[in-house]
Protein chains: 2
Amino acid sequence: MSRLPFRILFAVYPGMTQLDFTGPHQFLSRMPGSETIVASLIGGAVPSEGLVFADTRRLSDVAGCDLLCVPGGLNALDVALDDAFVAEIRRLGGGARYVTSVCTGSLILGAAGLLHGKRAACHWAWRHLLPLFGAIPDEGRVVRDGRVFTGGGVTAGIDFALTVLAEIAGAEVAQTLQLGLEYAPAPPFTSGRPETASPKILAGYRDQIAPLLTRREAQAREAAASLSLIS
Amino acid sequence: MSRLPFRILFAVYPGMTQLDFTGPHQFLSRMPGSETIVASLIGGAVPSEGLVFADTRRLSDVAGCDLLCVPGGLNALDVALDDAFVAEIRRLGGGARYVTSVCTGSLILGAAGLLHGKRAACHWAWRHLLPLFGAIPDEGRVVRDGRVFTGGGVTAGIDFALTVLAEIAGAEVAQTLQLGLEYAPAPPFTSGRPETASPKILAGYRDQIAPLLTRREAQAREAAASLSLIS
């Protein structure tokens, strides 16, 4: 590591999916020699799925970071259309050694112009929106392209965090944290991917998100259009 | 479900391991027909591993719940010696349909007298303390004994949550949430259990916790002694 502490910044927002953030935070905040910052656009309390994360810093008060991580959320494309938030992501991501995301956080990175020509992961149901931002969708659970590390949907954030830990602090640190956090997953079902879920479960889930999908696709096109004006 | 909403209560405390709580919260709070409550001894803000969870309710203000879940933490045995907290866990657990924990949360359930004669899981490094509370240690990642569901260390909370969801709301609900949260884990290493970690990683981790272990064992004996006076 070129400097100490290694500054990890989670850029959070109201409505994010909290496990996109808390999963990697649990692992990355224990990295020796690191400092973890949680910041939002206006600072203070950030509500998320019934929880409230207090005392977040203001993104504009953060001079820079070594690793930027943006979590996803069902409202990620609302956030991708928030010029002030996206401008901070562009500024902080531009100066970071590592630009990262979990779940639909990659769509926000995309809207900030940080994924052009890059392979990236995303939640499976929203991955097809990545090309609007010039990114190459990759169905990997954790995808690396140069300095960009992206995780798939929600719980992929844990696999993502271990991958990032190994890159930055070495495999021994990553494996020790894995042992301490007892990450030996044993899901009782195999429904975690569209390829392995039953047709009935998959169809039910698709029905649930169908109304949202149309709106989100329009938002992604809008965010992408404004991006081409900027870059 | 016998009544709606199904009340899920997370009993949290400063110093808990946040992913013990946030992992299951992400899954269980999405259970249809449920209400999720987060409460602590004095209410308000609960700091945990660099995060601050705001707006928690006061445990004594919660009349009852259908499912009680107690997360673990490196300070779980300090909490097991906190008479006021333990009394609330005893009261709320006594009336709940399901008594549950993640990680070292089972030691707190034990101190509340809720695990006597029950098989239970715990973080692997602290599991040997369960018999002090009359519980039978089980190395399963998720262990059910009657109305008691316990998860192993930290990340086991996600497997635990899916198991509990299937029990309460049915396999279809559990599998749909698994798909939505893309829980198809793919750890980059196999260090998540002492049996699968390399001897070097295991020895290093044991060295890290050795100073804490002596103290925690004394605390567990103290908590168990006070329990025998109560029951």
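Labels below follow one simple rule: chain letters A, B, ... track the order of the sequence lines, proteins then strands, and each chain is numbered from 1. Basis for what follows: all heavy atoms, side chains included, without hydrogens, waters or symmetry-related copies.
- Side chains of Ile168(A) and Phe6(A) form a contact here, defined as non-hydrogen atoms less than 4.5 Å apart.
- Of the two parts of Arg141(B), only the side chain, counted from C-beta on, holds a non-hydrogen atom closer than 4.5 Å to a non-hydrogen atom of chain A.
- Contacts of Ala125(A) with chain B are absent, with no heavy-atom separation under 4.5 Å from either backbone or side chain.
- At least one side-chain heavy atom of Leu212(A) sits under 4.5 Å from a side-chain heavy atom of Leu74(A).
- For Pro194(A), the parts sitting under 4.5 Å from any heavy atom of chain B are the backbone and the side chain alike.
- The residue among Ala197(B), Ser198(B), Ala171(B), Gly180(B) with the most heavy atom pairs within less than 4.5 Å of chain A is Gly180(B).
- There is no contact between Phe160(A) and chain B, counting heavy-atom distances below 4.5 Å.
- Using a 4.5 Å cut-off between heavy atoms, Thr196(B) makes no contact with chain A at all.
- No hydrogens or angles considered: nothing links the side chains of Thr36(B) and Ser29(B) as a donor-acceptor pair under 3.5 Å.
- Chain B forms the most heavy-atom pairs under 4.5 Å with one residue out of Ala186(A), Pro47(A), Ala54(A), Gly50(A), and that residue is Ala186(A).
- Side-chain atoms of Glu217(B) and His128(B) form a donor-acceptor pair, as typed in the model, at a separation below 3.5 Å.
- For Phe189(A) and Tyr183(B), the ring centers sit 6.0 Å or farther from each other.
- A donor-acceptor pair is defined here as one N or O able to donate and one able to accept, closer than 3.5 Å; such a pair exists between the side chain of Arg147(B) and the backbone of Ala96(B).
- Looking at Ile158(A), only its side chain comes within 4.5 Å of chain B, counting heavy atoms on both sides.
- Among the candidates Asp159(A), Ile209(A), Asp55(A), the residue making the largest number of heavy-atom pairs closer than 4.5 Å to chain B is Asp159(A).
- Considering only heavy-atom pairs separated by less than 4.5 Å from chain A, the leading option among Leu177(B), Leu179(B), Thr163(B) is Leu179(B).
- Contacts with chain B were tallied for Lys200(A), Glu49(A), Arg193(A), Arg30(A); Glu49(A) has the most, counting heavy-atom pairs under 4.5 Å.
- A centroid separation of less than 6.0 Å is found between the aromatic rings of Phe85(B) and Tyr13(B).
- For chain A, no part of Ala45(B) is nearby; none of its heavy atoms comes within less than 4.5 Å.
- Looking at Thr56(A), its side chain does come within 3.5 Å of a backbone N or O of Gly44(A) through a donor-acceptor pair.
- The contact between Thr22(B) and chain A is made by backbone and side chain atoms together, counting heavy-atom distances below 4.5 Å.
- Other residues, nucleotides and ligands contribute at most 12 non-hydrogen atoms within 6.0 Å of the CD atom of Glu172(A).
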